[in-house]
Amino acid sequence: MGYAVNEVFLRVDLSTGKIAKQKFSQEIYKKFLGGSTLGSKIVYDLLPNPGSVDAYDPANPLVFAAGLLTGTGAPGCCLYGVNAKSPLTGGIGESESGGHFGAELKFSGYDGIIITGRAEKPVYLYVHDEEAELRDASHLWGKDAHETEEILKKELGDPQIRVACIGQAGENLVRFACITNEKIHVAGKGGMGAVMGSKKLKAIAVRGTKGVKIANPQEFETLCEKWRIMNMAAPSPRTISEYGTAGEIELFDFLGDMPIKNWALGTWEGIEKLTGQYLASIADRIPDTCFGCTLKHRYHVVIREGPYKGEYQGNPEYELCASLGSLCLIDDIGAVVKAAELCDKYGMDGIACGNVIAFAMECYEKGIITKEDTGGIELKWGDPEVLLSMIEKIAKREGFGNILAEDVKIAAEKIGKGAAEFAIHVKGMAPQMHDPRSGVSRGLGDAVATGMDDGNISEWGGPDPELGFMKPLDRFSPISKAEYVIKRQARWIWLDGIGACNFAAMGVPLRLQAQVLSAATGWQPPMSVEDILKIGDRVTNLRRCFGIKSGWTPADDTLPKRFLEEPKTNGGAKGITVPLKPMLEEYYKLRKWDPVTGKPLKEVLEELGLEDIAREMWG
Ligand code: SF4
């Protein structure tokens with residue numbers, strides 16, 4: 001066992017029931033970090049031929065991995081990542097979740113779990129202080145994520161057990177099914193819950209009492225205190241801490257960033273009733289938090305009056321206020337709270353879910369689908385009951401919900417009649433709920449993303465001296481955006497690799513984060529910003545090669561027509577479309593990706609220490 005990490009993963013073959021331990025060297029952690037960045041490397045190695053293996057094939061590995069600092073007590077370092085070939089994009093699916101599951105996994109003696117194969121009947125995995133066993137989960141199949149967690153805690157007789165599980169959506173292979181832990185935290189993007197469902201793995205229950213060893217505890221504590229202070233001194237974390245990420249909606253609306261009416265409008269008066277501040281005025285809030293976080297921005301909601309009066313688990317993040325609210329023209333925050341809770345219970349990514357329902361609403365408005373197609377449901381904009389009913393139908397694959405359960409790209413293909421024009425996705429996956437016309441670097445980030453977080457980039461946060469950007473960038477100009485995106489992708493990869501929540505790391509320099517990692521692991525000297533950028537390049541190129549082997553071509557590095565050709569008619573990004581072509585050309589040049597095949601050049605892969613992949617891609 002090393003400092004900060006256990007240097008061991010659990011390996012579970014569901015087809016044979018065999019359980020073993022797999023050691024990992026310090027070198028691999030230094031090269032790929034942990035969490036979903038190391039998880040990507042593991043998936044790459046275990047699935048050498050992704051182009052000929054379906055995401056639901058038993059051969060598709062499903063990897064859970066805690067970040068390097070997860071469980072150490074470093075501020076907001078609570079993330080675990082989940083990776084597998086994505087049923088949405090065909091690339092390496094990448095998703096993170098907070099809460100306490102990742103830390104508990106570390107305490108149980110493992111940095112992660114590698115799942116292969118498929119069980120004959122539903123099972124769950126119980127991990128407790130290095131012991132691990134597969135147990136029958138027939139009684140859990142058909143239960144939602146909240147019920148599953150409660151049953152397992154009771155059955156295993158320990159309220160401290162942390163559970164990551166799928167709901168009915170994962171069982172039914174809803175393509176954007178997620179994995180829910182502790183009821184309100186989700187590994188949402190990429191369809192990882194569907195892969196888990198395809199393996200008939202209902203849940204992982206974890207309990208550990210071992211703690212995590214820190215190499216230099218005193219230095220670690222001092223540096224963590226500095227981290228906390230710098231984080232709380234930054235403006236965004238203060239708002240987020242008070243009102244959740246939905247506390248920033250007014251800003252996003254001002255910038256023309258919030259998606260409205262299936263990404264067609266620039267602003268809308270209903271937005272003011274979707275803010276975290278508005279929710280605080282109509283509901284009581286019960287605080288919740290993730291392991292080691294002082295920001296504590298999660299809470300439970302008790303709505304005091306109205307049609308959605310009642311108590312709900314969790315508060316909808318900004319993303320869900322957008323996807324389940326403004327994207328469908330729904331301005332009832334109570335309905336959004338309920339819809340978000342339903343998504344968590346059924347185990348569906350609320351972003352993709354709102355995105356596909358908004359798509360269907362636009363198809364209905366345009367007469368592409370009618371009541372005959374929807375089983376009598378009038379898919380009208382702004383109707384909360386339609387939203388709630390469609391969420392249930394999608395999770396259960398009932399009626400028209402069975403088509404929408406395939407997500408927008410495939411649903412549009414099935415519907416035909418020009419529906420594809422209104423299907424907003426990149427490589428088959430819904431974008432994050434930020435409009436790339438409000439800051440065009442996001443358009444480039446979305447188009448070339450190899451995972452989930454690395455597309456989530458915007459330049460309106462001001463200068464970024466640590467990454468060499470001394471002045472704010474013009475948010476509508478393509479100039480310097482390729483370099484900016486490359487560096488910001490590396491920052492995301494770093495955060496995911498060390499297991500740090502983005503909100504809890506805002507305002508905290510990378511150098512300080514690297515010092516904390518050094519104090520925790522004992523690695524000397526601390527990684528430099530250049531080291532961090534190089535790791536970002538390594539992980540991005542590894543994922544890119546997987547995507548290419550899975551069938552991606554340069555033609556897939558694009559955006560929906562709506563972002564490229566349809567300027568908004570109102571709001572803070574009025575008149576703007578994304579100038580993707582010049583940014584993309586520059587990005588390929590800086591990345592040294594072959595413009596014909598989209599492959600990273602051999603020399604780049606070799607420079608990054610990916611010689612095996614270089615040989616595989618180029619001979
Ligand atoms: S900022 Fe919020 S999501 Fe992030 S670790 Fe803290 S409570 Fe969890």
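The shown structure was predicted, so the numbers you read here are calculated from the model rather than taken from an experiment. In each ligand, atom 1 is the first atom listed, and ligand 1 is the first ligand listed.
Side chains of Ser236 and Glu248: a donor-acceptor N/O pair is present below 3.5 angstrom, by distance only. Between the side chains of Asp531 and Ser528, at least one donor N or O lies within less than 3.5 Å of an accepting N or O.
The backbone N or O of Ala4 sits less than 3.5 Å from a side-chain atom of Lys106, completing a donor-acceptor pair.
Ring geometry for Phe252 against Tyr318 counts as perpendicular: the plane angle is over 60°, on a 0 to 90° scale with 30° as the lower cut.
Applying the ring pair (Phe, Tyr, Trp, His ring centres under 6.0 Å) definition to pairs two or more places apart or across chains, none involves residues 213-246.
Taking distances strictly below 2.8 Å, the protein N/O/S atoms close to atom 8 (Fe) of ligand 1 are Cys290 SG.
Interatomic distance, CZ of Phe291 versus NE2 of His185, reported as 13.0 Å (0.5 Å rounding).
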